[in-house]
Student: 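One structure is given below, represented as structure tokens, and several questions about it will come after.
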Amino acid sequence: MDKISIIVPCYNEEKVLPLFYAETAKAVADINDAECEFLFIDDGSSDHTPEILQSLTFRDKRCRYLSFSRNFGKEAAMYAGLQNATGDYCVLMDADLQHPPALLKEMYRVLKTEGYDCCAGFREDRTGEGYLRNFLSRSFYRLCERLCDLKMQDGAGDFRMMKRAMVDSILSCREYNRYMKGLFSFVGFDTKWIPFHNTPRAAGETKWSFLSLFRYAMDGIFSFSTMPVTLAGITGGLFFTVSALMGIALLILLLLHHTIGSLAPIVCLILFLNSIQLLFISVLGQYISKDYMENKNRPIYIVKRTGGF
Ligand code: UDP
Ligand code: MG
């Protein structure tokens, strides 16, 4: 019999976890030809999430959990989940019921009967999200496609069911700076996209601020593209040409009129070119700092406690 591993990263989800478990258990009871396991990753929660997970492992033998020693982030939690999952199929789900459990049956059917390696959900609307966040996230997907040469479906999250072969390929990417949406695309395999409606989270609050989303987006770009450094070179070349032409023009002006007029334009130009330099030094710094972290070879997560194993 096939086994489906349901991997759920949880960070301070005490309000929604019992509801998530009830809804998801109901949905998987409907899948006749496969058994399921629940693998919860407590990402260093400071509320009662670990206690709730512990009681779930007592109630239901299909449940297991890992507790991180601190908050390592959703990427680390998903990685830990995939590493510890034993199923032939693995599905990543948020704990807040924004990923409808009712789709699990359909995802499994698609993988089983249609020959795909992965079946991923994407939000066909973004109702309930602010206009600005909506606009920024659309622009980010477009930028990523351009810069990183990765195919990313607009509205795609991490909600997807994958066959074992795809899971193993993702696990073989051992980098420290992980960006799962990029890795899904990087490893290839055939993906079928199925739409679902965006719903507000069932309870609790979102863990993402604008700042953390921005940082996440930058991490994604710098982990998957070296285009920003190339852009730095192109811009540098462009400014070199412009400043060389301006230099020649100023020289001519000096020869003809014995003056170059006010210093203001020159000061402005120097400031402008300096700012461009600083900007691109920071771009280089991003890559060097990523490499620095990779070279340390630190663990992606640290487990403090487990349950149900
Ligand atoms: N999450 C996590 N670690 C974090 C932040 C979030 O494991 O540092 C989990 C969270 O518990 C949830 C999922 O990632 O199951 C998605 O988080 P959230 O719903 O806050 O994000 P949003 O839906 O607002 O993008
Ligand atoms: Mg959510």
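Whatever order the structure lists them in is the order used to number ligands and atoms, beginning at 1. Nothing here was measured: the structure is a model prediction, and the numbers come from that model.
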Student: Residues two or more places apart in sequence or in another chain: which of them pass side-chain contact (heavy atoms from CB on, under 4.5 Å) with Arg59?
Tutor: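 Testing Arg59 for side-chain contact (heavy atoms from CB on, under 4.5 Å), a comparison that skips the adjacent residues, returns Tyr21, Leu56.
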Student: Using a 4.5 Å cut-off on heavy atoms from C-beta on, say whether the side chain of Cys118 contacts that of Phe184.
Tutor: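 Phe184 does not reach Cys118 side chain to side chain.
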Student: What protein N/O/S atoms lie closer than 2.8 Å to the Mg ion (ligand 2)?
Tutor: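 Result, waters dropped: Asp96 OD2, Gln98 OE1.
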Student: With no hydrogens and no angle check, do the side chains of Lys290 and Ser223 hold a donor and an acceptor under 3.5 Å apart?
Tutor: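 The answer is no; no qualifying pair exists.
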Student: Would you indicate whether the side-chain heavy atoms of Leu213 and Phe140 approach each other to under 4.5 Å?
Tutor: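 No, every pair of side-chain atoms sits at 4.5 Å or beyond.
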Student: Rounded to the nearest 0.5 Å, how far apart are SG of Cys173 and CE of Met180?
Tutor: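 Answer for the SG-CE pair, Cys173 versus Met180, is 9.5 Å.
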Student: Do Arg64 and Phe309 form a cation-pi contact, if we require the NZ or CZ to be under 6.0 Å from the six-membered ring centre and within 45 degrees of the ring's axis?
Tutor: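 Checked: cation-pi criterion met.
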Student: Compile the protein residues with any heavy atom at a distance under 4.0 Å from an atom of ligand 1; present them by chain, then by number.
Tutor: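 The answer is Pro9, Cys10, Tyr11, Glu13, Asp43, Asn71, Gly73, Lys74, Asp94, Ala95, Asp96, Gln98, Arg133, Arg201, Thr206, Lys207, Trp208, counting any residue whose heavy atom sits under 4.0 Å from ligand 1.
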Student: Among residues at least two apart in sequence or on other chains, which ones pass salt bridge (charged side-chain N to carboxylate O under 4.0 Å, His left out) with Lys74?
Tutor: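 Salt bridge (charged side-chain N to carboxylate O under 4.0 Å, His left out) list for Lys74, sorted by chain: Asp94, Asp158.
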Student: Using a 4.5 Å cut-off on heavy atoms from C-beta on, say whether the side chain of Leu136 contacts that of Phe214.
Tutor: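 A side-chain contact under 4.5 Å is absent here.
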Student: Indicate, with yes or no, if the rings of Tyr65 and Phe38 have centres closer together than 6.0 Å.
Tutor: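 No, too far apart.
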